[in-house]
Amino acid sequence: MDSYQNLIDGRWVAARSGRVLQDFNPSRNTEVLGEFPESDPIDMQDAVAAAAAAYPKWRSMSLVARGEILYRAADILTARANEISRDLSLEEGKTFPEAKGETMRAAALLRYYAGESRQETGHVYAATDPSTLLYTRQVPLGVVGIITPWNFPIAIPAWKIAPALVYGNTVVWKPAELTPLTAYHLTQALVDAGLPEGVLNVVYGQGSILGSALVADTRLQGISFTGSNGVGRSIAAVCAEKGTKFQLEMGGKNAVVVLSDADLDLAVEMTIRGAMRSTGQKCTATSRVIVEAPLVNAFSEALVERSRKLQVGDPLDSQTYLGPLASLNQKRTVLEYIQIGKREGARLATGGESIDMGGYFMSPAVFTDVDPGSRIATEEIFGPVVSVISAADANEAVSMVNRSNFGLSAAVFTRDIAKAMHFIEEVECGIVHVNSETAGAEPHVPFGGMKDSSSNSREQGKSAREFFTQVKTVYLDPPPMRL
Ligand SMILES: NC(=O)c1ccc[n+]([C@@H]2O[C@H](COP(=O)([O-])OP(=O)(O)OC[C@H]3O[C@@H](n4cnc5c(N)ncnc54)[C@H](O)[C@@H]3O)[C@@H](O)[C@H]2O)c1
Ligand SMILES: O=C[C@H](O)CS(=O)(=O)O
């Protein structure tokens, strides 16, 4: 049994209590992938103290030098990509190709922020007095806390940690309990790339205990969180009370709109990809498909037929489309929504059944005749379940999309550019796709939601600099000349 430890002040250390958590394989739920510390708040306090002690020297290092470490870490991740991807697939359940894609995406994110180290760090302005040098600088926040979910266990940490570090902050990271092995791989790559002691500290353990201890620590200047709305709201309340800067990326109930002039095959394929890849466990996953009435029957039949052909199984098997759900809790939640959908009167056209293969497997589910106000059409399910809803026309379809409390991602399928532009204009989402799936994000552009999906900051691209730095405006007047 491989045992892993926290990284605190540059040293790999056990939890002070000595307690450990086991990391299980959701495909074969008796298989243990490793043991990790079950840390307590005292361990978290040690980590924050280390980050605070390391901050002055790290902040004084040049941006370019910090960027060089990220370039080396990206190269290390790339060199180890197959090993990391296999472990990611084993512990989270997504297929190997998706795990590989995510690992390479993390490397791309590290490279992007390494490149950011050679960008402007402020602006020079004209001053009323021509002898005044008037300029701004973007300076780090200080010690920041990073709390991340299990569904993208290396890409999401990378898109938070890389900008946090390159802009001069030191970091305390609380990874998700379900995916500690992937967190170890990212951490080890950064350590091997030459990250100085105490700059990155990683503490494993229960989020309700450790995560809340991190958020409550008054030495933190910022918290970047991705996860559920319930936890996000609790973090926002604590940060607001403390005056700590925070950013939250949370749930989604992402919709595809299929207009009557759409390419049917494309709309079906992109709906399957958006709804069923990663076993539906993406914040940007498609969970609603709103179809103009003339096309709804043909679309539903094609979607059901395509869904029935998807192979469920071992995520390391090249034929597998859906691996297991990430945990027993996740599987139970998704199967409960199947029962809720039936009770609400929706028609379960295919799937939605538990598959007993030694892990947390289920068959992909398609509901039709779904009431747009029902729970399965409004609540985040976070599994391979998609609801087909009929709309009278394009206007009704957009209003149905917007009737959600969430506003993360949406897509429209149409051949009509005017209808596409109208959709782009009217939809209340932070991410909009035309003729492509609701999931997926490029590392160099803003990522985030509207309404309850986000705290309305943005991640990735140059948006990350807005969160992980603060602006200092400088009026520099030369001393008077003494002739
Ligand atoms: N918008 C996005 O970018 C995005 C991306 C991925 C996942 N998500 C969302 O995340 C959710 C699934 O992820 P999850 O199950 O890991 O979410 P979660 O909220 O249960 O956990 C997220 C992280 O918060 C920690 N945590 C738990 N309780 C805490 C507390 N009281 N205080 C501080 N930290 C705490 C967990 O240990 C974990 O590290 C879904 O709602 C999904 O939509 C959103
Ligand atoms: O789950 C969250 C991810 O951000 C999904 S995406 O691949 O970035 O859309």
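Every heavy atom of this structure was used, including side-chain atoms; hydrogens, water molecules and symmetry mates were not. Whatever order the structure lists them in is the order used to number ligands and atoms, beginning at 1.
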Review point. Is the ring centre of W12 less than 6.0 Å from the ring centre of Y184?
Key: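 Yes, they do, as the ring centres are separated by less than 6.0 Å.
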With heavy atoms only and a cut-off of under 4.0 Å, state how [X] meets ligand 1: side chain, backbone, both or neither.
X: P175; answer: backbone
X: I156; answer: side chain
X: F447; answer: side chain

For [atom], what's the nearest protein heavy-atom neighbour? Residue, atom name and distance, please.
atom: atom 38 (C) of ligand 1; result: T148 O, 3.3 Å
atom: atom 8 (N) of ligand 1; result: C283 CB, 3.8 Å
atom: atom 14 (P) of ligand 1; result: W150 NE1, 3.5 Å
atom: atom 13 (O) of ligand 1; result: P149 CB, 3.5 Å
atom: atom 22 (C) of ligand 1; result: T226 O, 3.7 Å
atom: atom 31 (N) of ligand 1; result: S208 CA, 3.8 Å
atom: atom 19 (O) of ligand 1; result: S228 OG, 2.6 Å
atom: atom 12 (C) of ligand 1; result: F382 CE2, 3.7 Å

Check your understanding: Taking the non-hydrogen atoms of G449, is any one of them nearer than 4.0 angstrom to ligand 1?
Key ->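 In this structure, G449 fails to qualify as a contact of ligand 1 - no heavy atom is under 4.0 Å.
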Closest candidate by heavy atom, reference [atom], pool [options]:
atom: atom 1 (N) of ligand 1; options: Q206, M250, Q330; value: M250
atom: atom 35 (C) of ligand 1; options: A155, G207, A176; value: G207
atom: atom 41 (O) of ligand 1; options: Q281, K174, E380, E177; value: E380

Check your understanding: Can E249 and T226 be counted as having a side-chain donor-acceptor contact under 3.5 angstrom?
Key ->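 Per modelled atom types, E249 and T226 side chains form no pair under 3.5 Å.
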Review point. With a 3.5 Å cut-off and no angle check, do the side chains of R86 and T103 form a donor-acceptor pair?
Key: no
Review point. Taking atom CE of M357 as the centre, does the number of heavy atoms from other residues, nucleotides or ligands within less than 6.0 Å exceed 12?
Key: yes
Check your understanding: When you look at CZ of R28, are more than 12 heavy atoms from neighbouring residues, nucleotides or ligands closer to it than 6.0 Å?
Key -> yes
Check your understanding: Does some side-chain heavy atom of Q188 sit less than 4.5 Å from a side-chain heavy atom of Y4?
Key -> no
Point to revise | Partners passing ring pair (Phe, Tyr, Trp, His ring centres under 6.0 Å) against F299 (at least two apart in sequence or in another chain) | key: none
So, [X] and [Y], do they make that salt bridge, N to O below 4.0 Å?
X: D217; Y: K242; result: no
X: D43; Y: R19; result: no
X: R375; Y: E344; result: no
X: E269; Y: R306; result: yes

Point to revise | Evaluation steps, side-chain hydrogen bond (donor to acceptor under 3.5 Å, both in side chains), between E98 and S278 | key: CA-CA 7 Å; E98 289 180 278; S278 291; 3.0 Å; yes
Point to revise | Proximal protein residues to ligand 2, non-hydrogen atoms under 4.0 angstrom | key: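 Ligand 2 is contacted, at a heavy-atom distance under 4.0 Å, by R105, N151, F152, W159, K282, C283, T284, A439, G440, A441, F447.
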Point to revise | Parallel, tilted or perpendicular, as decided by the 30° and 60° cut-offs, for the rings of W159 and F447 | key: tilted
Exercise for review: Fit a plane to each ring of F382 and W150, take the angle between them on a 0 to 90° scale, and name the class: parallel (under 30°), tilted (30 to 60°) or perpendicular (over 60°).
Suggested key: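 Rings of F382 and W150: perpendicular, over 60°.
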Check your understanding: With atoms numbered from 1 as shown, which atoms in ligand 1 lie under 4.0 angstrom from a non-hydrogen atom of F225?
Key ->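 This gives 19 (O), 22 (C), 23 (C), 24 (O) as the contact atoms.
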Practice item. Could you list the atoms of ligand 1 found under 4.0 angstrom from a heavy atom of N151? Key: 6 (C), 7 (C)
